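FYI, the numbering just counts along the sequence from 1. Just so you know, these numbers come straight off a predicted model, no measurement behind them.
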Amino acid sequence: MRPAAILTAVAGIGVVVGLIGAGGQRLGRTVDPNQTSEPAPDGGQAEGTTTPAPQPTTNPQASMNARAIDAASQFYPAAVDGKPLERVAAPEPEKPKATEEKEGMNLPRPVAESAGVLGFGARRLQLAGIIPTPADKICTDPSGVEWPCGMLAKTNFRLFLRLRTVSCDLDSADWSGTVTTSCKIGTQDLSQWLVETGWADAADGSALVEAGTKAKQDQKGLHGEDPRKGVPVPDPLPDEPADPL
């Protein structure tokens with residue numbers, strides 16, 4: 001090989017090595033992201049510099065006092081007549097007044113004189129919202145057979161009562177003659193029970209008219225057949241004692 005060619009190759013290798021060394025030093029240099037250059041002579045920010053981001057505070061009291069600022073609140077004054085503004089709590093919504101339920105008058109040992117009429121000695125109490133079924137009422141079933149529906153209505157009503165105390169909408173347990181009102185045993189309304197079982201009809205305009213219509217459609221009580229068909233007739237119930245009041 002010629003000496004000139006060898007010198008040229010060595011010189012080329014030296015140039016390449018020098019360029020690689022210079023590039024490595026440039027890449028290995030670290031730059032502080034928060035480092036800023038000297039301010040510009042006119043007071044502005046020097047070209048190529050960035051403003052460092054604010055660091056979060058470590059003061060817990062300052063964090064508690066901080067609050068979000070929306071676009072509108074920046075126009076609210078911080079003080080009026082030299083006094084700082086105070087946040088007023090929102091008024092609580094007015095609660096509806098609870099409806100006080102009227103306590104009923106407890107009447108012990110009621111006697112069912114018919115399906116819809118209770119007896120207390122010489123006094124009578126007719127249940128409201130229904131047409132009481134007379135004890136001597138005779139019904140005719142769909143097949144044309146007559147049966148004593150009034151007596152069976154009275155018997156079923158007596159079996160339901162079982163001499164339990166009834167609570168009635170009365171101001172006093174002292175009345176004479178016959179009074180009309182609504183009564184319950186526990187939460188069960190007596191008028192509702194008679195109409196839903198078909199042993200009494202709902203009065204015109206009563207809230208029980210719909211229940212009475214359903215009982216007729218289902219052929220319950222007065223509106224069906226004699227429930228004693230194929231069933232032995234039970235012994236009549238003994239008469240209840242006189243009014244203890």
Centroid-centroid under 6.0 Å between Trp199 and Phe157 rings: no
Any side-chain donor near an acceptor of the partner, Asp174 and Ser172, under 3.5 Å: no
Where Ala153 and Ala115 come nearest, the two heavy atoms and their spacing: CB-CB, 3.7 Å
Shared hydrophobic cluster, Ile130 / Val209 (ILVMFWY, side-chain heavy atoms < 4.5 Å): no
Gap between atom CD1 of Ile131 and atom CD of Gln126 - 0.5 Å precision: 9.5 Å
Interatomic distance, Thr197 atom OG1 to Gln192 atom CD [nearest 0.5 angstrom]: 10.0 Å
Cluster overlap Met151 with Val117, hydrophobic side-chain contacts below 4.5 Å: no
Worked check of side chain to side chain contact (heavy atoms under 4.5 Å, CB included) between Leu127 and Leu194: CA-CA 10 Å; Leu127 296 175; Leu194 285 170; 3.8 Å; yes
NZ-NE2 distance between Lys214 and His223, expressed to the nearest 0.5 angstrom: 12.5 Å
Where Asp189 and Lys184 come nearest, the two heavy atoms and their spacing: CA-CG, 3.9 Å
hydrophobic_cluster_shared for Val166 and Met105, side chain cutoff 4.5 Å: yes
Short side-chain to backbone donor-acceptor contact, Asp141 and Ser143, under 3.5 Å: yes
Atom of Ser176, atom of Arg123 and distance for their closest heavy-atom approach: CA-CG, 4.5 Å
Atom pair CG (Leu125) and CG (Leu190), whose distance is rounded to the nearest 0.5 Å: 9.0 Å
From CG (Asp169) to OG1 (Thr181), nearest 0.5 Å: 4.5 Å
Joint hydrophobic cluster, Leu222 plus Val145, side-chain heavy atoms closer than 4.5 Å: no
Contact summary for Gly119 and Glu113, nearest pair of heavy atoms: CA-OE2, 3.8 Å
Common cluster, Leu170/Leu118, ILVMFWY with side-chain heavy-atom separation under 4.5 Å: yes
Minimum side-chain heavy-atom gap Pro148-Arg228 below 4.5 Å: yes
Residue pair Lys154 / Ala135: nearest heavy atoms and the distance that separates them: CD-CB, 4.2 Å
Whether Ser191 side chain and Ala128 backbone form a donor-acceptor pair below 3.5 Å: yes
Residue pair Glu210, Val195: steps toward the side chain to side chain contact (heavy atoms under 4.5 Å, CB included) verdict: CA-CA 10 Å; Glu210 185 176 350; Val195 172; over 6 Å; no
Atom of Gly129, atom of Ser206 and distance for their closest heavy-atom approach: O-OG, 3.1 Å
Glu196 side, atom CD; Lys220 side, atom NZ - distance, nearest 0.5 Å: 7.5 Å
Plane angle bin for Trp193 and Phe160 - parallel if under 30°, tilted between 30 and 60°, otherwise perpendicular: parallel
